Amino acid sequence: MYRVLLVDDEAIARTGLRSTFDWEKHGYRLVGEASNGQRAMKWILNGDLDILITDIAMPVMDGLELTRRTRELCPWVKVLLLSCHSDFEFVREGIRLGASDYILKPTLDPDSLGAILDQMRSKLEEERQMQRILTEHEQQQLRNKKKADEKILFQALSGDPNAIEDLEARSHGGSYMMAVLQLDSDIGDRAAGGQQKDWHDRIERLLELLYDQVPEALAARLETDRIAAYVPVRPEERREVSEAGIKLPIRCIIGLSRGFNSIGKLHEAFQEAVESLEGLFFYRDKQILHAEDRLLVDAESAQEGSTSGLYGFRAGLAVGNMDKSEVELQAIMERWKPGRMNKPAVLKEAEGILGLLAMHYLPGGPALPQAGEAGRLRSVEEVKGLVLEAFRMLREEAIRHPVPESTLHERIVLQAVQYINARFTEPISLQEVADDVAVSRNYFSEMFKRVTGHNFIDYVIDLRLKRAKELLSTTSLRVYEVADRSGFNDVKYFSKLFKKLVGISPAEYQGQHRK
């Protein structure tokens, strides 16, 4: 339906126009009528019409002034002037101002009015079609430019120096943030191991929504379910853009970098955005994750805590002390927090724990969760649940099938041997090893000799002498260097002990193997 507005200062004329022509039948809808141009302006200002039928001679605002204002405010509107015989000069002026046609009031009838309206409608349809073509062409040009810019961004993120230079020229060196948008993988059947068939469509929709909300952004598709976005912002808008400017109806998670001023920092900004997504592992209820909110992890202290915690946990398992192991396990998982450990460190530690549990699990029982299962989980709480479930299964199995004392002794000594083999070139004591396997010094000494046939010190000396022989026969190191690298801190003691046990001095042994 094409919208028509009637304007005439004579009420009888408006009534005649309204009642003598079947508007709906011919595809028109009367949106209103007014007694002068001033009263008609509310429709003009709202743009709520397609065809204006107006008398020329009216009080307050005549048809010519109404025509001029209508063409200025609503250039698509077609104007039909109503005139008398004596108004011809006014009609000419109206045509000059943009009126499409005129009709003499004395000759006005439904047929002539319908013919003129149909001509106007045809003209409107032609112009609208032309406008659609122009709009589609402009939109296609914008899409083509956007696609070209997206390719440049992808190449820049890949480290192409020419693309980085080109992107800098296009951005005019302004401030920006990098965002990584990831589809929420709860959707569909990803959790079941299947790949979503509609991810491509979802990513394309995500791009559309991003450009709708942040038109100046530039995005590049990264993986099946991720896109990277370059978002130009003024410094004072950084937080506002992320919180208010990127609110997408499609379910996704957004990782945001800090603000940067140099395109040369593009890759750093991108990495910040990617790493910000790790926060999802700890905060499942957040949609937007900020680089500024990430606490720095002290890698050295985290590693120290991990090592000591795992030693205690492993020692408890070795001696069958499940209560001790549980306490150590809870202490380990207490450190699985942002700011203390990042996602890769948590997963690595969890996989190590699952591996230890598997080593101590007797065959024949229900299958324990595998270490690789931790990497497929989406949150730290899920990882904790998996580890605790594996520990519970081991504990229940230990209650049902206690380990024989002889087997337990062998297991403890095996753990001790692994500890000694890794550290025999360093100062090492019986007490240190006993502490590692969580038994008393005297009990460990007796058990070690019973299982291995050697006392502790003889076992360590044997390992050191084997290392010394290896170094003497394969390297040109001096004797004091060999002693130091084999775990002997006194070269005289080393030389005396070596000759006593091997039968010749270290130098003679080295000389024999050089021939």
Side-chain angles (χ1 to χ4, degrees), residues 135-184 198-280 287-292 294:
T135 300
E136 288 175 3
H137 178 71
E138 290 173 358
Q139 290 175 344
Q140 187 60 51
Q141 292 292 97
L142 290 173
R143 284 194 293 268
N144 292 342
K145 183 179 183 302
K146 206 72 167 179
K147 289 295 182 185
D149 289 345
E150 288 174 356
K151 183 177 180 181
I152 290 171
L153 175 62
F154 183 84
Q155 292 170 337
L157 291 172
S158 302
D160 185 335
N162 293 329
I164 293 173
E165 186 177 332
D166 197 353
L167 185 62
E168 184 169 24
R170 293 169 187 244
S171 67
H172 307 293
S175 297
Y176 67 93
M177 303 165 65
M178 284 300 298
V180 174
L181 291 77
Q182 176 178 301
L183 288 177
D184 188 335
D198 63 342
W199 275 358
H200 174 77
D201 294 338
R202 289 183 178 277
I203 284 291
E204 290 300 315
R205 179 61 179 150
L206 191 58
L207 283 170
E208 291 177 9
L209 292 168
L210 175 65
Y211 288 148
D212 285 344
Q213 294 206 16
V214 192
E216 65 276 16
L218 185 59
R221 183 165 182 165
L222 298 175
E223 303 165 8
T224 306
D225 59 349
R226 279 188 178 186
I227 60 175
Y230 167 91
V231 185
V233 290
R234 290 191 293 273
E236 66 275 12
E237 292 179 336
R238 286 173 186 160
R239 197 75 178 191
E240 288 74 10
V241 165
S242 63
E243 296 292 355
I246 305 180
K247 286 190 175 179
L248 305 173
I250 196 167
R251 289 169 60 186
C252 71
I253 310 300
I254 304 171
L256 286 169
S257 75
R258 295 169 298 158
F260 286 81
N261 296 317
S262 169
I263 293 296
K265 298 279 189 178
L266 182 72
H267 197 265
E268 180 181 343
F270 172 62
Q271 285 301 120
E272 278 196 1
V274 171
E275 290 169 6
S276 294
L277 286 176
E278 280 190 6
L280 183 62
Q287 183 191 18
I288 299 178
L289 301 159
H290 299 271
E292 294 99 323
R294 290 169 52 234

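Here the structure is a predicted model, which is why all the values come from computation and not from measurement.
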Approximate separation, where rounding is to 0.5 Å, of [X] [atom1] and [Y] [atom2]:
X	Y	atom1	atom2	result
Arg226	Leu181	CZ	CG	10.5 Å
Leu218	Ile152	CG	CD1	8.0 Å
Ile164	Leu153	CD1	CG	10.5 Å
Asn162	Asp166	CG	CG	8.5 Å

Taking the side chain as everything from C-beta on, heavy atoms only, tell me whether [X] gets closer than 4.5 Å to [Y].
X	Y	result
Leu167	Tyr176	no
Phe260	Met177	no
Met178	Glu272	no

- Task: Could you tell me whether the side chain of Ser276 and the main chain of Gly255 form a donor-acceptor pair under 3.5 Å?
- Result: no
- Donor-acceptor pair, side chain of Ser262 and main chain of Gly264, under 3.5 angstrom: yes
- side-chain contact (heavy atoms from CB on, under 4.5 Å) partner of Leu289, the single match among Ile254, Leu256, Ile253: Ile253
- Message: According to salt bridge (charged side-chain N to carboxylate O under 4.0 Å, His left out), who are the partners of Lys265, at least two apart in sequence or on a separate chain?
- Response: Glu268
- Query: Could you walk me through whether Leu207 and Arg221 pass the side chain to side chain contact (heavy atoms under 4.5 Å, CB included) check?
  - Reply: CA-CA 9 Å; Leu207 283 170; Arg221 183 165 182 165; 5.6 Å; no
- Could you list the residues that satisfy side-chain hydrogen bond (donor to acceptor under 3.5 Å, both in side chains) with Gln140, not counting sequence neighbours? Arg143, Asn144
- Item | side-chain hydrogen bond (donor to acceptor under 3.5 Å, both in side chains) against Glu208, all qualifying residues, sequence neighbours excluded | Arg205
- Take Tyr230 and Leu266 through the test side chain to side chain contact (heavy atoms under 4.5 Å, CB included) and record every step on the way to the result. CA-CA 9 Å; Tyr230 167 91; Leu266 182 72; 4.2 Å; yes
Nearest heavy-atom neighbours spanning [X] and [Y]:
X	Y	result
Lys146	Ala217	NZ-O, 2.8 Å
Tyr211	Ala219	OH-N, 3.0 Å
Leu277	Gln182	CD1-OE1, 4.1 Å

